[in-house]
There are 2 protein chains.
Amino acid sequence: MTVTLADVAARARVSPATVSRVLNGNYPVAAATRERVLRAVDDLDYVLNGPASSLAAATSDLVGILVNDIADPFFGIMAGAAQTEIGGQEGTGRAGGEKLAVVCNTGGSPERELTYLTLLQRQRAAAVILTGGALEDPGHIVAMTTKLAKLADAGTRVVLCGRPPLPGSDAIVASLAFDNRGGGRRLTEHLLTLGHRKIGYVAGPLERTTTRHRLEGHLAALAAAGLGDPASGEGRSTGSGEGRAGQEGLVVHGPYSRRSGYEATLELLRRAPDLTAVVAANDTVALGACAAVRDQGLRIPEDVSVAGFDDLPFSVDATPALTTVRLPLYEAGARAGRLAMGTETPPPGGIATITAELMARASTAPPRATR
Amino acid sequence: MTVTLADVAARARVSPATVSRVLNGNYPVAAATRERVLRAVDDLDYVLNGPASSLAAATSDLVGILVNDIADPFFGIMAGAAQTEIGGQEGTGRAGGEKLAVVCNTGGSPERELTYLTLLQRQRAAAVILTGGALEDPGHIVAMTTKLAKLADAGTRVVLCGRPPLPGSDAIVASLAFDNRGGGRRLTEHLLTLGHRKIGYVAGPLERTTTRHRLEGHLAALAAAGLGDPASGEGRSTGSGEGRAGQEGLVVHGPYSRRSGYEATLELLRRAPDLTAVVAANDTVALGACAAVRDQGLRIPEDVSVAGFDDLPFSVDATPALTTVRLPLYEAGARAGRLAMGTETPPPGGIATITAELMARASTAPPRATR
DNA sequence: CTGTTAGCGCCTTCAC
DNA sequence: GTGAAGGCGCTAACAG
């Protein structure tokens, strides 16, 4: 029924071993023989049996890319770039030595993250790329460290992209971390320079590295400017805001969604009607923040400035164009892909920090003197 | 080094076959024995060898999801939904009978589409879901039909999601097609009802079913209103517009990108400065169209109405909120996932058409009497 | 309900 | 440069 290596060998009048060598290309074979074999492959329309070859060779051509949310371009851009580097060699049609880059959507769930890793381990994946921020739950960190160590042990190359290095994990080939802290800091400095003093902050979900680092940058900028810590009196999403004076209660947490940005901004505006700026955890959240500001009858940036993070493609098209922090997502993803393939040498110490660039646009402006 | 089924069997004092049965769960095993085996599995930290089991069983637990552009939420939403249905059973941690849903990014390239299909065939994938519009090139259609037939032959379930059925292909489990034609028609009818008579159309890339169907709906609405065919004098992207009177030259093609929308709209405005509305191939393109309209010093919707297609999450946040056509992407993706898993019975004839609903919002309004 | 026996299709030493 | 043989780890009949 299904064509096997032996069939090809028979037709090409060589041994199965020779066919295998031709197909894998990592062994000298006479040009004429190779030709004959390839013709037989085409004639018979032979397709290699992946599981069989993985079993025999104890390694597969699968490369897993884990993302937190596949519907979010933040991840899509990185994953697409990585995939281009991994399976990119267009052309041949016959599918030669390509790797199969597969993206797995964890939905931000730690269980699913682990499950996918197990599934990938089960497949004897050649490499795994973990994208985006990590959960900071201690139990999960231990579980992840253990799991990644096992993967590495079994020969899987592990690369982190947009995620800080796992403490004490020598199992990892490389980690490319975004400078979220620096970007967050520069963004808030920009606002302070414009003259803002009362700045609301819509943070991402709790216990995520990305959330924490961006927020830390924000707080660092405030502290450097001699402004108080807005996190005191902090509450979750629509938590119990105490609306005290100063910078207090000006940080609200929520998921990385438009809706969260909308609701959190409403809450911030309620707590501090004299707010002159809102910084969002990312661009998507910023869009929701913009909508909330407008729905309150306020103008952007005249009454309230709004800023995001990531510089996703749609951000420049927002009205007004969104001030944000640019992350080189495509470049980072591509680099992670090459690292996973072993076609790029890891940075010294296996760790590289990727800079985040401030993109000052029309959604931020000096605050009005009074309101 | 690596622990195998036999090791587990030894520790649980049963035969390898029994361990296999416990793990696969599709065979009666005494509760006590099962317990013993599972404990041994945990003790030894055993992970099934996927390739070996796929080889022996002649089928794998891989399900492929092909998308044209992973950075586009249109695909991300469908893929995420499908993946939820496929690998969703949260929990266990030990990764039981889960399937590994993997998304493959073709980037819209026909070669890569075929290559991925071959790779999936090589892995003996359990199912394949093809999302989004198809290329209408005859050669590619033949190649695809052949390839899908082979996949089906080898036991892979093939499901189409957002793509019309392949003519004469009985290999396909089901195809869920969006009513792009109807949606396109209703959208343009909405504009006509508002009073628009001179409507520009930024179409998607040539030779794609999605592009063609949406455009056909647009043209049908115009024809029904007794308006001429705008496609005559049609040109590619920044093609040779001849700027003739009536509806002529009011269709421009380009990729599904923001940039294409921007440039095509500029071109349309140049060809027909008296345009009162622009319909875009999708929401992303519409965003670019909005930017172009504004850059020309025109207001939306007072001077020019703009409409999109898909109703992606960001569309409601555009300013003004974008009039568009809603496609139930999540629901469609989820259904495709269930169809691929065999947990939902295919629609009669294997074909279902999914309706597209007009979302009239603020970006469209009656044209001004004069301009 | 459980054990035994054969392969699944390919890669990889080892000879020639 | 090529062939022959063994085994990768698991599943799927069969027996019992």
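In what follows, chains are A, B, ... by sequence order, proteins preceding strands, each numbered from 1. Keep in mind that this is a model prediction, so the values were computed, not measured.
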* **Gap between atoms CZ and C1', on A/Arg13 and D/dT2 respectively (whole Å)** => 15 Å

* Take the protein atom CG of B/Asn24 and the nucleotide atom C1' of C/dT2, then report the distance between them rounded to whole Å. => 16 Å

* Taking CG from A/Leu23 and P from C/dC10, how many angstroms apart are they, rounded to a whole number? -> 9 Å

* Asked: Looking only at heavy atoms, which two atoms of A/Ile86 and A/Gly337 are closest? And how far apart?
  -> CG1-O, 4.0 Å

* Hey, is the side chain of B/Thr33 poking within less than 4.0 Å of OP1 or OP2 on C/dT2, counting only N and O atoms? -> yes

* Structure fact -> Between B/Arg21 and B/Ala52, the residue closer to the 5' end of DNA chain D by nearest nucleotide is B/Ala52

* A/Thr4 side chain: which of C/dG9, C/dC1, D/dG3 is closest? -> C/dG9

* **Any donor-acceptor N or O pair under 3.5 Å, side chains A/Glu113, A/Asn68** => no

* What nucleotide among C/dC11, D/dT2, D/dA12 has an atom nearest to a side-chain atom of A/Ala57? -> C/dC11

* Separation of A/Tyr27 atom OH from C/dT13 atom C1', in whole Å? -> 9 Å

* Would you mind telling me which residue lines up with the more 5' stretch of DNA chain D, A/Ala30 or B/Leu48, judged by nearest nucleotide? => A/Ala30

* Exercise: do B/Ser15 and B/Thr18 side chains pair donor with acceptor under 3.5 Å -> yes

* Asked: Taking CZ from A/Arg124 and P from C/dC11, how many angstroms apart are they, rounded to a whole number?
  -> 17 Å

* Asked: What nucleic acid atoms does A/Ser54 come within less than 4.0 Å of, heavy atoms only: base, sugar-phosphate, or nothing?
  -> nothing

* To do: Remember a base hit wins even if backbone is also touched, and classify B/Val19 as base, sugar-phosphate or nothing at under 4.0 Å, heavy atoms.
  => nothing

* Asked: Of B/Leu55 and B/Ser15, whose closest DNA chain C nucleotide lies nearer the 5' terminus?
  -> B/Ser15

* Asked: Charged N to carboxylate O under 4.0 angstrom, A/Arg335 versus A/Glu344?
  -> yes

* Asked: NA contact type, A/Leu5, heavy-atom cut-off 4.0 Å: base, sugar-phosphate, or nothing?
  -> sugar-phosphate

* Evaluate the criterion side chain to side chain contact (heavy atoms under 4.5 Å, CB included) for residue pair B/Val159 and B/Val128; output intermediate values, then yes/no. => CA-CA 6 Å; B/Val159 175; B/Val128 169; over 6 Å; no

* Give the rounded distance in Å between these two atoms: CD of A/Glu35 and P of D/dG1. => 16 Å

* Structure fact -> Of the listed C/dC11, D/dG3, C/dG3, the closest approach to the B/Thr18 side chain comes from C/dG3

* To do: Compare side-chain N and O positions of B/Ser53 against OP1 and OP2 of D/dG9 and report whether any pair is under 4.0 Å apart.
  => no

* To do: Figure out the CZ/P separation between B/Arg36 and C/dC1, and round it to whole Å.
  => 14 Å

* To do: Let me know the distance between CG of B/Asn26 and P of D/dT11, rounded to the nearest Å.
  => 9 Å

* Structure fact -> Quick note, B/Ala17 side chain, CB onward, closest among D/dG9, C/dC10, C/dG3 is C/dG3

